[in-house]
Number of protein chains: 2
Amino acid sequence: MARRVKPEKSSAGLDARKAAILEAVVREHIDTAQPVGSSAVATHGELAVSSATVRSEMVALERDGYLSQPHTSAGRVPTDKGYRYFVDHLQGGAVGPVTQQQIGDFFRTVRGEVEDVLSQTSTLLSRLTSYTSVVVGAAQSFASVLSAQLVNLDARHQLLVTVFADGSVTKHGVYLDHDVTPSAVAEASRQINALLIGTTVESRVQVPSGSEDVATLVRESVSVLHDQRPTREGEQVYIGGSSRVAEAFDGVETVRQVLTILEQELLVVSLIQDMIDQGVSVAIGSEHGFEPLASCAVVVAPLTVDGHPSGAVGLLGPTRMKYGEAMAAARAVSQELTRYLEGDPRV
Amino acid sequence: MARRVKPEKSSAGLDARKAAILEAVVREHIDTAQPVGSSAVATHGELAVSSATVRSEMVALERDGYLSQPHTSAGRVPTDKGYRYFVDHLQGGAVGPVTQQQIGDFFRTVRGEVEDVLSQTSTLLSRLTSYTSVVVGAAQSFASVLSAQLVNLDARHQLLVTVFADGSVTKHGVYLDHDVTPSAVAEASRQINALLIGTTVESRVQVPSGSEDVATLVRESVSVLHDQRPTREGEQVYIGGSSRVAEAFDGVETVRQVLTILEQELLVVSLIQDMIDQGVSVAIGSEHGFEPLASCAVVVAPLTVDGHPSGAVGLLGPTRMKYGEAMAAARAVSQELTRYLEGDPRV
DNA sequence: GCCTGGCACTCGGTAGAATCGAGTGCCAAC
DNA sequence: GTTGGCACTCGATTCTACCGAGTGCCAGGC
């Protein structure tokens with residue numbers, strides 16, 4: 001058997017006509033949610049060939065895994081591989097002027113704590129794209145302590161309020177089984193502040209021994225701060241427009257599955273984090289290896305504040321989502337959000 | 001025409017047999033989600049009457065608005081009024097021992113900031129009941145300031161961290177258009193603390209005039225704290241198990257509508273707040289006057305910490321929800337959560 | 001050798017007819 | 001007042017026929 005290699009097939013690319021047909025099928029299917037027939041491609045598209053030609057090309061595209069047929073005598077539907085090719089060859093356009101304007105307006109007028117801004121950003125992104133949006137804000141666990149203060153709630157209950165260099169604030173209850181005097185709390189607060197400033201939650205510090213109230217308070221405070229579970233505290237997830245899930249899929253069961261996934265924030269974070277780590281911006285269907293999201297596509301854009309990776313914005317839609325628009329919107333929002341966060345460090 | 005009044009009809013109550021039949025219909029319908037026929041009631045129920053008798057009673061119940069027929073020759077379905085009667089005559093049982101155990105375990109082991117506890121409580125309640133749950137935590141806007149501190153993020157950016165008597169903490173960015181020295185910040189922090197301690201966000205305080213850095217910082221800080229939007233900051237909403245919405249209704253469109261409502265937190269808060277204010281614990285169908293939730297029922301239980309109303313826990317399900325279980329679970333969780341919050345004031 | 005028009009074939013979707021049966025309303029008899 | 005009996009209704013289900021979009025294949029043309 002001759003080892004002759006047909007250039008169009010062995011190379012990753014498709015020949016121009018196949019590519020054009022694939023693109024037409026994808027575009028049409030995204031638009032109509034219906035299988036696309038050869039004649040639709042022949043008339044609608046720009047290629048000047050007959051439907052018979054399109055048909056034979058489609059056979060090849062199907063053999064190579066870019067298209068599939070729901071059943072004989074139906075049109076073709078893109079496979080995940082087909083979408084992948086489409087996305088890879090999409091020259092990333094920018095977002096429309098109206099959308100850009102809306103994004104600009106939003107960040108010009110939004111105010112409040114970072115958490116609120118992230119949450120509202122998620123809603124914005126969802127509104128702009130009509131897909132479900134996810135914003136992940138990663139607090140740097142290596143951020144050092146700027147201030148730690150023990151506040152007296154009542155004689156037995158104190159609140160440890162810690163401010164970190166990245167602007168995040170945590171609070172932890174510190175309880176004793178007997179009353180302490182305000183002056184003991186004030187003294188403990190001074191010591192804690194001195195002890196913790198400049199450290200991170202990962203660094204170990206020398207705590208005083210002894211059983212008098214001040215020492216106990218200091219020990220308790222330090223331990224409660226260091227025992228915070230790293231995952232939950234480190235990342236916040238904001239999901240916007242979960243009702244869009246019900247628009248994207250028509251089976252109630254699929255909707256339920258996707259919503260169930262979205263409820264598990266750790267899952268969502270790790271999925272998006274994986275994508276960011278691998279430098280991927282779009283995951284289609286089962287590319288992320290997540291069974292229940294097999295009919296979904298995820299688009300992400302990283303957030304980098306002052307050079308540090310610090311979260312991401314993402315969109316979740318059906319595999320037949322409008323990739324161009326979604327990617328443009330995610331990019332635009334991530335850029336503006338980054339600028340906002342940098343100009344305005346973790347309000 | 002004789003003005004004779006039949007006692008059973010004019011009084012609010014139904015005669016015993018009608019009540020029994022109504023109850024049987026409601027129970028059966030909640031169980032099966034199907035219209036209930038007369039024979040099912042006659043056999044299944046405890047009443048020793050024939051289906052023909054049940055039928056004629058059902059005609060009366062339908063005339064009085066407790067039941068309705070999807071179409072001739074189908075069984076009967078309870079109306080909102082029918083559910084209302086059922087709920088009003090439900091003697092509130094307690095939660096099962098297993099559930100009680102789970103709730104107890106949860107509050108015995110849960111740790112962290114209040115916000116996290118409330119969020120996890122919402123998930124718990126949803127898991128226990130398989131309905132979507134809502135937890136509203138109301139921070140007292142009348143809570144006085146325990147401590148206010150200005151922390152130096154960098155030369156132009158300061159963070160105002162305020163601790164309130166109810167244990168809540170807020171942070172606000174304070175920015176100037178020029179650099180300030182750390183000692184100015186420290187001095188401003190001292191003044192702000194002295195100025196604000198004991199006040200509430202509603203009380204007006206006398207701020208220093210003058211253009212030097214310290215006075216400006218103090219003015220800015222006080223104003224940024226007072227300008228916080230009262231609604232958004234005052235109440236936090238935690239929604240658990242939104243995927244349950246997809247289980248409760250079978251039309252994708254209904255699911256979408258309900259999810260859309262749940263996304264509008266202010267709406268949810270005001271709905272629940274209204275119910276609490278009016279001392280209602282169950283709202284069925286259109287009782288709350290909310291079009292898109294016409295096919296839903298809402299169960300709430302108030303939270304009162306140290307005698308002050310401070311939020312609520314709620315459940316949202318279909319009108320054919322298991323009222324007994326839902327109410328018992330909401331009550332049990334609200335009690336335990338109340339105890340937790342009191343014993344452990346706003347960690 | 002590639003493209004094209006023609007053609008037989010496939011198969012899901014829709015419409016209509018027939019059927020089934022759960023459930024009703026009514027009535028005469030007890 | 002209750003009950004068994006009975007005719008009737010009407011949604012749901014099944015079956016059939018049919019339509020048509022779309023295919024695969026092939027012979028003829030450029």
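All heavy atoms count here, side chains included; hydrogens, waters and symmetry mates do not. Chain naming here is simple, since letters A, B, ... match the order of the sequence lines and numbering starts at 1 in each. Fair warning: this is a prediction, and the values are worked out from it, not measured in the lab.
- In this entry the distance linking CD of A:Q34 with P of C:dG13 reads 10 Å, nearest Å.
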*Can you check each nucleotide of nucleotides 15-30 of chain C against protein heavy atoms at under 4.0 Å and return B for base, S for sugar-phosphate only, - for none, in 5' to 3' order?*
-------BSBBB----
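- Between B:T53 and D:dT2 there is no side-chain N or O to OP1 or OP2 distance below 4.0 Å.
- Summarising the geometry, the separation between NZ on A:K18 and C1' on C:dC3 is reported as 14 Å, rounded to the nearest angstrom.
- Using a 4.5 Å cut-off on side-chain heavy atoms (C-beta onward), A:Y131 and A:V299 make no contact.
- Taking the side chain as every heavy atom from C-beta outward, B:H288 and B:M275 never approach each other to under 4.5 Å.
- At least one side-chain heavy atom of B:R320 sits under 4.5 Å from a side-chain heavy atom of B:I30.
- Taking only side-chain nitrogens and oxygens, A:R17 never comes nearer than 4.0 Å to OP1 or OP2 of C:dC2.
- Using a 4.5 Å cut-off on side-chain heavy atoms (C-beta onward), B:L22 and B:F86 make no contact.
- In this structure, CG of B:L47 is placed 17 Å from P of D:dG1, rounded to the nearest angstrom.
- Every residue two or more places apart in sequence or in another chain was checked for a side-chain hydrogen bond (donor to acceptor under 3.5 Å, both in side chains) with A:S126, and none qualifies.
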*Could you go step by step and tell me if A:R84 and A:D88 meet the salt bridge (charged side-chain N to carboxylate O under 4.0 Å, His left out) rule?*
CA-CA 6 Å; A:R84 165 54 58 197; A:D88 285 345; 3.1 Å; yes
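- In this structure, NE2 of A:H71 is placed 10 Å from P of C:dC11, rounded to the nearest angstrom.
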